[in-house]
Amino acid sequence: MRITMNHAKDYVGKTVQIGAWVTNKRSSGKIAFLQLRDGKVYFQGIVVKADVSADVFETAKNLSQETSVLVTGTVQEDTRSKLGYELLITDLTVLGESQGYPITPKEHGTDFLMDHRHLWLRSSRQHAIMLIRNEIIRATYEFFNKEGFIKIDSPILTGSSPEGTTELFETDYFGQPAFLSQTGQLYAEAGAMAFGKVFTFGPTFRAEKSKTRRHLTEFWMIEPEMAFVQHDESLDIQESYVKYIIKAVLDNQSYALNVLERDTTLLQKYVDEPFKRVTYDDAIALLQEKESENDYEHIEWGDDFGSPHETFVSNYYGVPTFIMNYPKAIKAFYMKPHETRDDVVVCADLIAPEGYGEIIGGSERNVDYTALKQKVEEFGLSMEDYGWYLDLSKYGSVPHSGFGLGLERAVAFISGIEHIREASPFPRMLTRLKP
Ligand code: ATP
Ligand code: MG
């Protein structure tokens, strides 16, 4: 029976076959300890000279890093290992040789590892991060399906640019300029007017010219859009959704969290305690009040937060924090104006604690056709590009809200990793387009 060792507990005492790669090895004259990985987990295989043929022992003793093997053996409990099980090997065949594998157990620099990303993905830490990424994606579909959303796909090649033109990747589309999508939102709004509650999930592209540990040039975004839903209800849904994905990772990926040494009491706290909701005004007042005790830059009403400001505010509350009602001048044209103030819009960013910064940007949408048309002109956008979007508010507009969660930001936050580049299998950044 060919298995993977994540199912070991069902096979204790039984003989199984496993396809694996050798990550490390240690041997004496009588016994060889093989560190193996089978794509699911990392585990130990033991080859005892007295129990196998001379050939098998000789082969085992000489295995080099990343050689692929087919091993047969008996599963046994091993309380000392992270996995709790090991394999007592009785037979072993080499499938593919591996000589001079570049990533050795010694320390390597990040650039070197990034240049070898196609191989680095095999390491237990990268594997754990990808398990968490996969869990978040799985739980996302589950959550939105349960809540009655349907997934609609927005185009990647577009003729317009709702988030402004400076961060756009332009390409040639049969002699016309086209842009790689920065967001699927406007299309999601069309979807919400057709199907009520929808979400898009796809790659988005931004020519981010600054090097930060939170920005990729290609990232995946989950963008729900909900007809008949106003801002407060949208915040409730955002909060339930983020709690849902954290809980899914806690429930189903304890192995990965353990490999990453993530502080799970903090994650559990984010699931159990309500998120904080503060206005932009209050956040600015708080930052100004605490300025002398901290080393972030002075901030004035009207400024956008830098990451030290976001870090301070969310750490101050110790839970993910919604900052609501930003000045209209620093937000996108499609956000709904505030009922009683004309300087702010009905929106919120969700800031993760522990320095992870903004993970969600969202708002109630402006549905007033005349006002929107004026905005399009004000923001220097063309009716040719945005006429279709204005149609949505012309034909049966309803209150609606939506938000965008950056997948890699969520992965970095939940995994507890330093830098967003490890949250993507093949990250794209200012200075990286390979492998
Ligand atoms: P920031 O201020 O951090 O650049 P933003 O205001 O540009 O974020 P939005 O346009 O609101 O972000 O995008 C929605 C979400 O997409 C963000 O909350 C974040 O999770 C994610 N996101 C935005 N830009 C990037 C990026 N360059 N790399 C990875 N994720 C991103
Ligand atoms: Mg940005």
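Atoms within each ligand, like the ligands themselves, are counted from 1 in listed order. The figures here come from the full heavy-atom set of this structure, side chains too, leaving out hydrogens, waters and symmetry mates.
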request  = Would you check, one step at a time, whether the test side chain to side chain contact (heavy atoms under 4.5 Å, CB included) holds for F275 with K243?
outcome  = CA-CA 9 Å; F275 292 1; K243 285 181 188 300; 3.6 Å; yes

query = In chain order, what residues pass the side-chain hydrogen bond (donor to acceptor under 3.5 Å, both in side chains) check against E408, with sequence neighbours excluded?
reply = R133

Winner among E310, K331, R206 once heavy atoms are compared against atom 10 (O) of ligand 1 = R206

remark   = In ligand 1, the atoms that come under 4.0 Å of a heavy atom of R214 are 28 (N), 29 (C)

For I360, atoms of ligand 1 separated by under 4.0 Å from a heavy atom = 18 (O)

key: Any I420 heavy atom less than 4.0 Å from ligand 1   = yes

ask   = Which residues pass the side-chain hydrogen bond (donor to acceptor under 3.5 Å, both in side chains) test with T140, sequence neighbours left out?
value = Y241

task = Would you verify whether the NZ or CZ of K375 falls within 45 degrees of the ring axis of F333 while also being under 6.0 Å from that six-membered ring's centre?
result = no

request  = Could you name the option among E208, E358, M221, H215 that has the heavy atom nearest to atom 18 (O) of ligand 1?
outcome  = E358

inquiry  = Out of F219, W220, F305, who is nearest to atom 25 (C) of ligand 1 when you count heavy atoms only?
reply    = F219

task = Could you list which atoms of ligand 1 come closer than 4.0 Å to a heavy atom of G404?
result = 14 (C), 15 (C)

request  = Output the list of atoms in ligand 1 that are nearer than 4.0 Å to some heavy atom of G361, sorted by atom number.
outcome  = 11 (O), 18 (O)

query = Ring centroid separation for H127 and Y42, is it under 6.0 angstrom?
reply = yes

Donor-acceptor pair between E189 and H400 side chains, under 3.5 angstrom = yes

